[in-house]
Each structure stands twice: as structure tokens, then as C-alpha cells.
Amino acid sequence: MSGLKRTVFWTGVAALCAWVLVPIWLIGLGAFGGRTGVFRWPKSLWPGDASLAALQTFLAVEGVWPAMVNSIIAALTCMALSIGLGAPAGYALARFSFRGQNTYRLLILLTRAFPLAILALPLTVAFIRIGLYDTAFGVGLVHTALALPFAALVSASLFQAIPRELEEAAWVFGCSRWQAFRKVVLPLALPGIAAAAIFAFVISWNEVFAASVLSVKNRTLTAYLLTVLAESPLHFRFAGGFLLILPSLAFIFAVRKYLFAMWGIANR
Amino acid sequence: MAEITIDGIAKSFGATRALEQIDLTVADGEFVALLGPSGCGKTTLLRIIAGLESATSGRIVIGGRDLTEVPTRRRGLAMVFQNYAVFPHMNVYENVAFGLRMQGADEARIKARVGKATELLHITPYLDRYPAKLSGGQRQRVAVARALAVEPPVLLMDEPLSNLDALLRLEMRAELKAVLREARTTTIYVTHDQTEAMGLADRIAVMHGGRIEQIDRPTAVYERPATTFVGGFVGSPPMNFLPVTIANSRLELPGASLPAPQASGALLMGIRAEDLTPVADGEGLPFDIAVVEPLGAHDLVTGRSGQTLLRVAAPAGSGHKPGTRIGLKPDPKRLVWMDPASGRAIQAQ
């Protein structure tokens with residue numbers, strides 16, 4: 001790389017890192033710096049009087065832990081259902097040609113066209129009738145509706161990128177359709193599926209409107225924080241925000257190796 | 001080891017007919033090449049034999065077993081794909097072992113067979129590598145080794161060399177021939193490259209428009225094409241076809257008189273470029289030279305005799321000049337006569 005190219009490259013890298021890291025750093029400062037840290041200017045790189053006081057106080061607030069558990073249940077439900085239903089739908093879109101395929105593809109996208117606000121009231125009524133109202137699972141179901149189209153379309157393009165011949169080779173050498181999928185297609189699609197799963201998890205974790213409408217006592221963390229933190233001092237809000245991003249970060253770190261293609265698809 | 005019988009296989013995609021009533025028998029241990037231009041149905045036929053495509057009608061019988069309704073995985077075949085289709089997430093060893101593992105072979109047997117196949121194809125040093133770290137030629141070898149490791153009764157190959165560069169293709173062709181002779185597997189090999197088919201196959205089936213135009217030994221296909229299509233497709237340069245008029249069961253040329261298979265009327269005379277000998281102007285066929293291409297082994301001379309384009313392989317350095325007229329003497333023993341209306345060969349009496 002020439003000097004100029006190198007400069008442009010690293011500037012880009014720095015800008016992207018800053019885009020993600022600066023907000024996290026600010027939230028971190030607010031969360032650990034205590035009451036004074038929030039208002040201090042200029043900001044220090046590291047909170048001088050770092051303390052877990054705010055976080056501890058925050059975690060001690062009644063209802064935070066159950067709300068976090070609810071959030072996790074909803075997010076895992078959303079993730080499991082989005083991938084469990086979306087990946088097979090994506091495989092069907094990628095591998096089989098059937099009548100109305102393009103319409104089906106469009107319909108998947110159109111499910112995102114309904115504003116959640118319009119759906120909220122009938123959903124609430126329906127959920128009360130079925131007995132799903134005010135449960136984390138119910139919230140997870142609604143989040144699935146939000147994440148599923150994305151999961152289906154992403155996995156469709158994932159499966160499309162895997163050469164059909166690989167599957168055919170597996171069949172020729174003795175695999176049933178399912179075995180070929182498990183032994184050949186799935187391992188190759190896994191990085192992408194993991195990424196789609198993370199996305200579904202994060203969609204659910206961050207979603208606040210449906211969660212607020214569909215629950216009263218069993219709130220998810222976002223919905224809970226929205227009501228509780230409105231009356232809290234600023235550094236508590238930062239502590240809450242920090243806890244909110246923590247699981248997403250941890251989750252992405254845990255599956256990050258799947259995010260980078262481990263084996264480039266060597267064919268073609 | 002098995003004999004393959006293809007019995008009246010036809011295939012339609014909607015209204016288009018891809019294959020019309022294909023009948024073909026491949027003997028045990030034989031190597032048959034399906035040769036034809038793209039879109040002639042050769043790959044479709046191969047995929048039907050593999051069970052990757054279903055035939056509209058007809059039967060596939062291998063080793064006495066009717067496989068028409070049997071799913072691909074139970075046909076016990078092996079196949080080499082055009083883009084190799086080696087599994088990117090498995091190393092070379094696991095790729096080659098894949099078929100054996102699916103058969104439930106024990107580890108000792110897998111090890112022995114993989115060792116044998118990889119040795120045969122000279123890829124033993126790469127057993128731990130992943131396909132992304134292999135060159136095209138090495139991946140190709142892995143694909144062939146994977147197919148041979150299961151010691152299949154029938155091996156199907158779909159243009160396995162077409163993604164390699166020219167020099168590597170030549171090298172792999174010779175190697176493949178040696179390897180397959182040793183394995184003695186019944187092989188069907190799809191290609192659009194006539195030199196590949198000529199060099200490798202025991203018999204060539206030339207396909208065109210969903211039909212088999214001719215099936216015979218390579219030299220017979222080359223020397224005695226059954227149709228004008230075969231003559232034009234097999235061989236480089238393609239066979240020359242010259243419209244002539246017959247009288248008294250003979251074709252009279254200046255300085256030559258050739259016996260013809262019918263008493264009178266119009267015929268096509270088919271002759272290979274190397275079977276026309278340049279002679280002085282006034283003898284044989286009059287020939288106006290347009291282009292001379294020195295190809296090293298011989299000079300390829302292109303020109304016209306009357307309205308017909310002819311190509312002649314003249315001895316190298318024979319010094320023919322464009323724009324001059326010479327005569328051409330056909331070798332009477334190597335003529336093929338074709339019916340101009342049907343384009344089919346007329347059997348010489």
C-alpha cells in the first residue's frame with residue numbers, strides 16, 4: 001500500500017472504531033464515574049474515581065433483575081423462532097422454484113410494512129384472550145414477527161451463495177437430503193446464520209414499544225428502564241444504559257468467530 | 001464394475017425437449033465420452049444417470065439393477081463435477097473419505113482407501129489442507145480421488161477438466177487416462193472438447209439437439225462420421241464438405257476419377273484437411289488460396305473451390321501463397337459420401 005492509501009485506510013478504520021467505541025466509552029464514563037463524572041468536562045479517558053456504586057445501586061433497584069431475565073427470555077425466544085422458522089424458509093427460497101416465489105419473497109418483506117402501533121391494540125386483546133399477555137414469551141413472539149423477515153431473507157441469500165453442486169456431491173456420495181444439509185450446507189452457512197441470530201437477539205433486546213404495550217408487571221429491561229429511569233438521576237440512567245448494551249456486546253463477542261468466514265467458499 | 005443400459009431416456013423441460021429417446025449401452029469397464037456442443041443434452045443425460053434429474057420417460061439400468069426410481073444416494077455411483085464441488089469445510093483427507101464414511105466403513109478401511117486414492121493422484125502431501133489453500137489442479141485431483149476412493153462401479157464425470165488452464169488440462173488428461181485404466185471403472189465422461197473425448201474414450205457418443213448422432217471408437221468417429229454434424233464437430237479443422245455431381249457412378253475430376261456410391265445425382269463429398277494433397281494447378285480440384293496459417297507441424301491453408309470453403313493441411317514450409325490457384329487431390333480411400341438433403345452418410349459399397 002502506498003502512503004496515501006495507508007493513511008486513508010487507517011483513517012477509515014479509526015472512524016469506524018470511533019463510531020462504535022466513543023458512545024460506549026461515554027456511557028461507561030457516566031456509569032462508573034458517579035454523580036460528578038457525568039458532568040465533568042473535559043472528559044477523562046478513564047473515570048478517575050471509578051466506582052461500581054451507581055451500577056450496584058442500579059442493580060439493587062427492585063425489579064431490574066427480573067426485567068433482565070424477561071429480556072433474555074424474550075430475546076432467546078425471538079432468536080430461536082426467527083432462525084428456526086426463517087432458515088428453512090430461506091432454504092426453500094434459495095433451492096426450490098415454486099409458483100409465486102417472488103410474491104412470497106415480497107410478502108415476507110411486506111410484513112414489515114404494518115406499523116407496530118396499529119397492531120398493538122388487537123395484539124393486546126388477542127394476547128389477553130390466549131393468556132400470553134404480560135409474559136416474556138409473548139413479547140418474544142412479537143419480536144419474532146419483527147426479526148423473522150430479516151432472518152428468512154438473509155438465510156435465503158446465504159444458502160444461495162453455497163453452490164448447489166456441493167449438495168449434489170453429498171447426495172451422490174450417499175447423503176440423504178437432510179444429511180447433506182447437516183454435513184455440508186449447514187457448516188458453510190453457520191457463520192451467516194450466527195450473524196442473523198445475533199441480529200434477531202439484538203432486535204428483541206432493543207425493542208421497547210411492543211414490550212411496553214404487551215406487558216405490565218413482567219417487563220423486559222428496556223420497557224422497565226423506560227418507566228423507572230425517567231425519574232432517576234443521570235448517572236443511574238447511564239448505569240442502566242451500560243447494562244443494556246453489555247449483554248449485546250458479550251453475545252457478539254461470544255459468537256464473533258462465526259461472523260468471520262472461517263473457510264472462504266472455495267469454489268467458483 | 002457394472003454395465004450401464006440407457007433405455008429410451010427422454011427429457012422435456014416444459015415444452016422444450018432436451019433429450020429424445022436416448023439408447024446407449026456402456027460395457028463393463030468401458031470409458032464412453034458424451035461429446036457435443038453446449039445445450040445438446042449431454043449434461044442432462046449424465047444428471048439423469050446420477051439421479052440428480054428425473055427422466056420424462058425411459059429406464060436406467062446399472063449392473064442389472066433398474067435405478068430409474070432409486071434416489072441418488074442409493075445408486076452407488078461416484079461423480080466428478082465441473083467445478084469440482086470439494087467440500088470447503090473439510091480438509092483433503094475428510095473430503096476423500098466422505099463417501100466411505102457415508103457407507104459406514106471402519107476407520108482402518110477408510111485410511112487404507114484414502115491412502116490409495118490420494119497416492120494415485122499425488123495429493124498425499126496435502127491431506128491436512130483445506131480446499132481454499134489448494135490450486136485448481138489440486139482441487140480437481142481431490143475431486144477425482146474422492147470419487148475413486150469409494151471404488152464405484154460407475155464413475156460419472158461432468159467436464160472435469162474444463163476449468164483448468166490449457167497446459168494443466170493436457171497434463172491431467174494423460175494422468176486421468178492412466179489412473180482410470182488402473183481403476184478399471186465404467187466411466188461416462190461429458191465434454192465439449194473433442195480432443196479430450198478422442199484422447200480418453202474407448203467410444204465417443206456425439207450428441208446434437210438431444211440425440212446421439214453417432215457412437216463409435218474415436219478413430220471411426222473421426223474418419224467415418226455418420227452425419228455432416230459429426231464431421232464438422234469432431235476434428236480440428238472440421239471435415240470439408242464439397243457438393244459434387246455424380247455421373248455413371250463416378251466423380252470425374254481433372255486428372256482423377258473417383259468411384260461414387262450412387263449412379264448419379266448430387267452428393268456431398270466429405271474429406272479431412274490432411275487427406276487433400278496439394279498438386280499443380282489444373283490437376284484435381286481447383287483451389288484458390290485465401291489464407292495460409294503456419295501451425296508448426298503443418299500449414300493450414302484455407303481457400304475456395306468454386307463456392308465451397310475448404311481447409312487443407314499442407315506440409316509445413318510448402319510455400320503456398322495467398323491469391324494463387326493450385327489443385328487438390330483427395331485420397332480416394334478416405335472419402336465419406338453424404339446425402340445433401342439428410343446430411344447422413346451413405347454406406348460405400
Side-chain angles (χ1 to χ4, degrees), chain A residues 83 87 90-92 94-102 155 157-197 255-268, chain B residues 13 43 46-47 49-53 70-92 94-105 129-136 138-140 142-143 146-150 152 154-159 163:
Chain A
I83 297 306
Y91 185 80
R95 280 291 188 265
F96 303 106
S97 56
F98 50 88
R99 193 194 285 267
Q101 191 164 20
N102 287 328
S155 48
S157 58
L158 274 175
F159 291 131
Q160 231 146 27
I162 296 170
R164 193 186 283 264
E165 285 86 352
L166 288 180
E167 241 175 308
E168 290 178 342
W171 300 341
V172 166
F173 290 105
C175 285
S176 65
R177 247 204 135 97
W178 169 245
Q179 283 173 317
F181 180 80
R182 198 166 48 82
K183 284 175 190 287
V184 174
V185 179
L186 196 59
L188 293 172
L190 210 54
I193 288 181
V255 293
R256 75 187 183 285
K257 71 168 182 171
Y258 291 108
L259 285 176
F260 308 111
M262 283 177 285
W263 324 274
I265 291 184
N267 278 294
R268 283 181 222 265
Chain B
F13 293 105
T43 295
L46 193 79
R47 291 173 61 84
I49 298 170
L52 296 171
E53 206 99 50
V70 176
T72 303
R73 67 176 189 279
R74 297 221 191 86
R75 294 197 178 195
L77 314 172
M79 186 159 167
V80 179
F81 290 81
Q82 184 172 4
N83 63 2
Y84 323 135
V86 293
F87 304 125
H89 58 302
M90 297 179 191
N91 63 21
V92 170
E94 285 306 317
N95 260 291
V96 178
F98 188 84
L100 295 163
R101 286 209 195 289
M102 289 312 300
Q103 291 173 358
R129 288 216 199 152
Y130 284 89
K133 294 257 188 297
L134 297 176
S135 69
Q138 288 166 336
R139 268 182 237 164
Q140 218 283 329
V142 175
R146 178 176 66 182
L148 290 179
V150 295
V154 169
L155 177 61
L156 306 175
M157 302 183 116
D158 184 7
E159 310 231 10
N163 282 1

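Letters go in sequence order (proteins before strands), and every chain restarts at 1. What you see below is based on every heavy atom in this structure, not just the backbone, and it leaves out hydrogens, waters and symmetry mates.
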* Heavy-atom contact with chain A under 4.5 Å, split by part of R146(B) ->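 Contact with chain A is through both the backbone and side chain of R146(B).
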
* To do: Using non-hydrogen atoms and a 4.5 Å limit, figure out which bit of A143(B) sits close to chain A: side chain, backbone, both or neither.
  => neither

* Partners meeting side-chain hydrogen bond (donor to acceptor under 3.5 Å, both in side chains) with R101(B) (sequence neighbours left out) -> E94(B), E107(B)

Check residues 169-177 of chain A and write down every donor-acceptor pair under 3.5 Å in which the side-chain atom is one partner and the other belongs to a residue at least two apart or another chain.
unit_1  : atom_1 : unit_2  : atom_2 : d
S176(A) : OG     : Q179(A) : N      : 3.2
S176(A) : OG     : Q179(A) : OE1    : 3.3

* **Non-hydrogen atoms of P88(B) and L166(A) that approach each other most closely** =>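 Minimum heavy-atom separation between P88(B) and L166(A): CD-CD1, 3.8 Å.
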
* What pair of heavy atoms forms the shortest contact from K183(A) to M90(B), and how long is it? -> O-CE, 4.0 Å

* Which of these, E165(A), E168(A), E167(A), sits in a side chain to side chain contact (heavy atoms under 4.5 Å, CB included) with L52(B)? -> E168(A)

